[in-house]
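Letters go in sequence order (proteins before strands), and every chain restarts at 1. Worth saying up front: this structure is predicted, and the values here are computed from it rather than measured. For the numbers below, each heavy atom of this structure counts, side chains included, while hydrogens, waters and symmetry mates do not.
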Protein chains: 2
Amino acid sequence: MSIIFSKKCEYGLQAVLFLSAKGLGEVYSAEEISEHLRIPKEFVSKILQQLTATGIVDSKKGKKGGFFLGKKSSQIRLLDIVLAIDGDGIFSNCVLGFPSCSHDTPCPLHNEWGSLIKKTKEMLTKQTIDKFTTRTLKKISTIK
Amino acid sequence: MSIIFSKKCEYGLQAVLFLSAKGLGEVYSAEEISEHLRIPKEFVSKILQQLTATGIVDSKKGKKGGFFLGKKSSQIRLLDIVLAIDGDGIFSNCVLGFPSCSHDTPCPLHNEWGSLIKKTKEMLTKQTIDKFTTRTLKKISTIK
DNA sequence: AACTTATCAGATTTAATTATCTGATTAAAA
DNA sequence: TTTTAATCAGATAATTAAATCTGATAAGTT
């Protein structure tokens, strides 16, 4: 099996897109998010805690508490979420797994892969989560 | 951590590139391949067995046996190796992990991701392993 | 024919990822 | 002030992926 983002990262992207689509300031508990997205409650809670540390998400303890966006959705790039959870391995690691792959000692696929991953990074950098509100709401409606 | 190809697939690509660079008909034992590429012997053996089943690689038992290319390197696409080991999940699975992502009910990233993955598939389809002989030999020389 | 060296098949072990549980703390509501 | 419902932290369990081991079979070499 091949994977682009870890499950953690997939869930993180889903959750932040969800919070964004629901509107800034809206507080949702881990349980509500878990139910809407059909992902494990404790797991999504852990992931959102991690995103809270970076400022992408903020949280409120106690009754009526939960998670909400930490900044304007137009200022959260998809890249920020990916970097916060999976790190930059996807952009820097050798696609063939050679530990010593670099510009000077490239692996056979270095250049071909490099230009693809560059385009991917550009997309993730350019796209902020506010761009997806309509699509996210539509998608969520097909889950529940 | 995010991954493009599984370790299995990375090692499979490395091993087939190695066999190709060393020339058609040349037989290398799992041990030799393991030493040259610095990957676990039994693991690379298992992976090459798997590729043998698809015809990409062929094997010879007994003394002086080992693995060798099953067809001309100009007829082995990178895509063939990826599909044989990791399947087509990387091309068909939803990047956000939504089980029900499709053209009709797309996830927020469906289109953006789709065009990137299409380009990736095109590259893996176009590139055959004979194109990498020089680069592979150069790369191998930096390992040992 | 006996010996050696290889693939091959299947089981087992180890490591990493994913998921769950438990208890402490926090804060709103009764 | 007590109850309730939430985050948060850390430990544990389950699952999957990666790596290793064991034994059987095959085929050259002596």
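Of the candidate nucleotides D:dA18, C:dT18, C:dA6, C:dT18 has the atom nearest to the side chain of A:F43. Comparing D:dC8, C:dA9, C:dT20 by their closest approach to the side chain of B:Q49 singles out C:dA9. Taking every side-chain heavy atom of B:K64 into account, D:dT29 is the closest of D:dA6, C:dT20, D:dT29. Nearest nucleotide to the B:K61 side chain, out of D:dA18, C:dT18, C:dT7: C:dT7. Listed nucleotides: D:dT20, C:dA19, C:dC8. Nearest to the side chain of B:T52: C:dC8. Comparing atom distances between the B:K63 side chain and each of D:dC8, C:dT7, D:dT29 picks out D:dT29 as nearest.
B:F67 CZ to B:L48 CG: the interatomic distance, rounded to the nearest 0.5 Å, is 5.0 Å. We find the CG-CD1 distance between B:D86 and B:I81 to be 11.5 Å, quoted to the nearest 0.5 Å. One finds the CG atom of A:L83 at 6.5 Å from the NZ atom of A:K121 (value rounded to the nearest 0.5 Å).
In this structure, the CZ atom of A:F67 is 16 Å from the P atom of C:dT26, given to the nearest Å. The interatomic distance linking B:K60 (NZ) with D:dA27 (C1') rounds to 9 Å, in whole Å. Distance, A:Q50 CD to D:dG10 P: 14 Å, rounded to whole Å. One can place OH of A:Y28 at 19 Å from P of D:dA5, the figure rounded to the nearest angstrom. Between the CD atom of A:E35 and the C1' atom of D:dA6 there is a distance of 14 Å, rounded to whole Å. To the nearest angstrom, P of C:dC8 lies 11 Å from CG of B:L51. Atom pair B:I33:CD1 and C:dA6:P shows a separation of 12 Å (rounding to whole Å applied). If you measure from atom CG of A:D58 to atom P of D:dA6, you get 17 Å, rounded to the nearest angstrom.
Taking the six-membered ring where the residue is Trp, the centroids of A:F43 and A:Y11 are separated by under 6.0 Å.
Both B:E42 and B:G62 lie close to DNA chain D; mapped to their nearest nucleotides by heavy-atom distance, the more 5′-ward contact belongs to B:E42.
For A:Y11 and C:dA19, the shortest distance from a side-chain N or O to OP1 or OP2 is below 4.0 Å. A:S59 has no side-chain polar atom (N or O) that falls below the 4.0 Å cut-off from OP1 or OP2 of D:dA6.
Ion pair A:E32/A:K41 not flagged as a salt bridge, since none of the NZ, NE, NH1 or NH2 atoms sits closer than 4.0 Å to an Asp/Glu carboxylate oxygen.
Within 4.0 Å (heavy atoms only), B:K46 reaches at least one base atom of the nucleic acid.
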